[in-house]
Amino acid sequence: MATIDLNNLFDKGMELHSIANTAYPLTPTSLKQYALKNENEIQKLLEKEFHAMNELSLYVHIPFCKTRCKFCEYVVVSGSEFDLKDEYTDAVLKEIDLYSRIINNDKYIAGFDIGGGTPTELGFRRIEKIVNKLSKTFSLRSEQVWSIETTPFNAISKFDELKDIYNLGFHRISMGIQTVNQELLKKMDREGNAHLYQKAVDAIRKAGYTQFNIDLMYGFKEQSIEDFKSTVEYTVSLAPEYITLYEMRYKLTQIAHDALDVTRAKVNSQYLVAYEILIQNGYMANYGKNTFSRIKNNHGTSDYLTSRVTKATPYIGLGAGAQSFGVNYLAYNQGAATKSISKYIKHANNGSFPIQDIYDLPEQEIMAKTISVMFYFGFIDLENFRKRFGKDFMQMFKDEIEYLKTWNLAEIKDDMFILTQNGVSHMSGVIPMFYSDRSKQELMNINAEKLLK
Ligand code: SF4
């Protein structure tokens with residue numbers, strides 16, 4: 001494969017900033033040459049993986065939302081499948097059973113999250129069933145920060161259940177506000193207002209949560225810098241422990257075509273404005289990190305996510321469309337493509353792993369995905385990289401690092417590879433430097449108009 005000039009690669013990443021981001025691979029079919037098709041092969045791969053693994057995290061996906069926000073990139077069901085909560089819960093329990101046959105419960109569980117969708121939409125009893133089953137199968141550790149997600153509506157209407165969920169062991173909770181711009185909310189098929197948010201925050205506090213995160217989004221076509229500033233200022237007034245800023249990732253959303261009208265300069269300015277407000281108000285994060293915390297020595301993310309981003313700890317994703325990332329494999333459960341749960345339920349009921357796609361990946365691909373995810377925090381811990389891959393990051397990417405240092409895009413400090421402020425502003429040019437040879441070529445050949453149509 002011909003070597004691609006780093007300048008060209010950087011420029012292409014910048015041009016395709018809504019594609020060359022922390023989400024890897026570039027398209028749902030990018031890795032198809034590594035796909036396993038045969039049940040036997042899949043079983044063997046999973047057995048081999050979990051035999052060798054000492055540590056892993058768990059994630060359960062709950063895909064229910066009353067309505068689907070237009071910017072949502074996740075597997076979410078509303079409409080007729082919204083009432084299949086019992087069937088879905090049973091399917092998750094069956095999936096846990098399948099893993100229990102190939103994983104000993106002596107593995108160290110580094111973190112546990114329930115995400116969505118809207119997990120609290122499932123109701124306490126069903127959540128409890130899943131947690132009880134997981135506790136029997138894995139050595140879940142209550143001293144860790146388990147995290148769950150809710151919506152402002154759920155936080156108010158399901159207050160008693162929120163308390164029960166806290167008592168079950170979830171001491172971190174995350175709630176999405178995204179934006180306070182009413183017009184933008186309407187365009188995205190989402191509801192919300194200041195009165196509702198305040199009531200939701202009061203309910204969350206009353207239920208006992210002291211590790212509370214609010215999610216915000218930026219990078220929308222119709223969202224000005226001033227507009228995002230108001231959202232951040234308002235959110236600070238609600239005083240959550242953590243605030244997470246998500247840059248809009250357009251791939252696979254109903255508004256993918258909007259990406260072509262959003263400039264990198266606007267997105268960078270929105271992040272900068274938010275960063276300054278948050279730092280002034282006592283929230284902490286290195287420039288480029290998306291979760292800000294006002295608690296000292298606390299990343300603000302759950303143990304599951306912190307471990308996944310900083311150490312590349314393998315994780316099993318349970319539930320429809322959930323992603324699993326092992327030592328040498330990547331898999332997506334049934335539902336990832338269809339954004340529906342019926343196939344997932346059917347597969348689990350048939351007693352086979354409800355996996356839609358599974359890839360046995362070469363090291364270059366595993367590394368590319370790992371590094372893309374590490375950029376969530378804006379830095380790579382070089383010691384953690386050595387532990388994960390048994391290789392030296394500086395040696396492996398000598399030319400790329402030299403290039404990034406020359407252009408003041410990254411620096412090395414205290415055994416960390418850190419993006420500079422300039423590097424964060426050019427993140428989509430930086431990330432492709434660490435892609436596999438295959439995905440570099442793929443990026444160079446992408447036509448944005450076609451991909452985001
Ligand atoms: S509430 Fe969250 S998960 Fe549900 S549709 Fe909206 S963005 Fe997606």
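Note that ligands are numbered from 1 as they come in the structure, with each ligand's atoms numbered from 1 the same way. Since we're looking at a predicted model, the values are computed, not measured. What you see below is based on every heavy atom in this structure, not just the backbone, and it leaves out hydrogens, waters and symmetry mates.
From the protein, the heavy atom lying nearest to atom 6 (Fe) of ligand 1 is C69 SG, 2.3 Å. Among all protein heavy atoms, the one lying closest to atom 3 (S) of ligand 1 is G117 N, 3.3 Å.
Ion pair R438/E365 flagged as a salt bridge, since at least one NZ, NE, NH1 or NH2 atom sits closer than 4.0 Å to an Asp/Glu carboxylate oxygen. A salt bridge links R264 with E247: the distance from a Lys NZ or Arg NE/NH1/NH2 to an Asp or Glu carboxylate oxygen falls below 4.0 Å.
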Practice task
Start with the C-alpha distance between S342 and S340, add both sets of side-chain angles, then the distance that settles side-chain hydrogen bond (donor to acceptor under 3.5 Å, both in side chains), and finish with yes or no.
Solution key: CA-CA 6 Å; S342 47; S340 133; 3.2 Å; yes
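The nearest N, O or S atom of C65 is not closer to atom 6 (Fe) of ligand 1 than 2.8 Å.
Heavy-atom proximity to C72, at under 4.0 Å, picks out these atoms of ligand 1: 3 (S), 5 (S), 7 (S), 8 (Fe). Within ligand 1, the atoms closer than 4.0 Å to a non-hydrogen atom of F71 are 7 (S), numbered from 1 in the order shown. Every atom of ligand 1 with a heavy atom of T67 under 4.0 Å away is listed here by number and element: 5 (S).
E241 and T210 are not linked by any side-chain donor-acceptor pair at a separation below 3.5 angstrom, with hydrogens and angles left out of the test.
If you run ring-ring contact (aromatic ring centres under 6.0 Å, His included) between F112 and each of Y304, W146, F138, only W146 comes through. Only one option out of D113, T306, T244 pairs with T301 in a side-chain hydrogen bond (donor to acceptor under 3.5 Å, both in side chains); it is T306.
Only the side chain of R190 comes within 4.0 Å of ligand 1, judged by heavy-atom distances.
Contact analysis leaves G176 out of contact with ligand 1, as no non-hydrogen atom separation drops below 4.0 angstrom.
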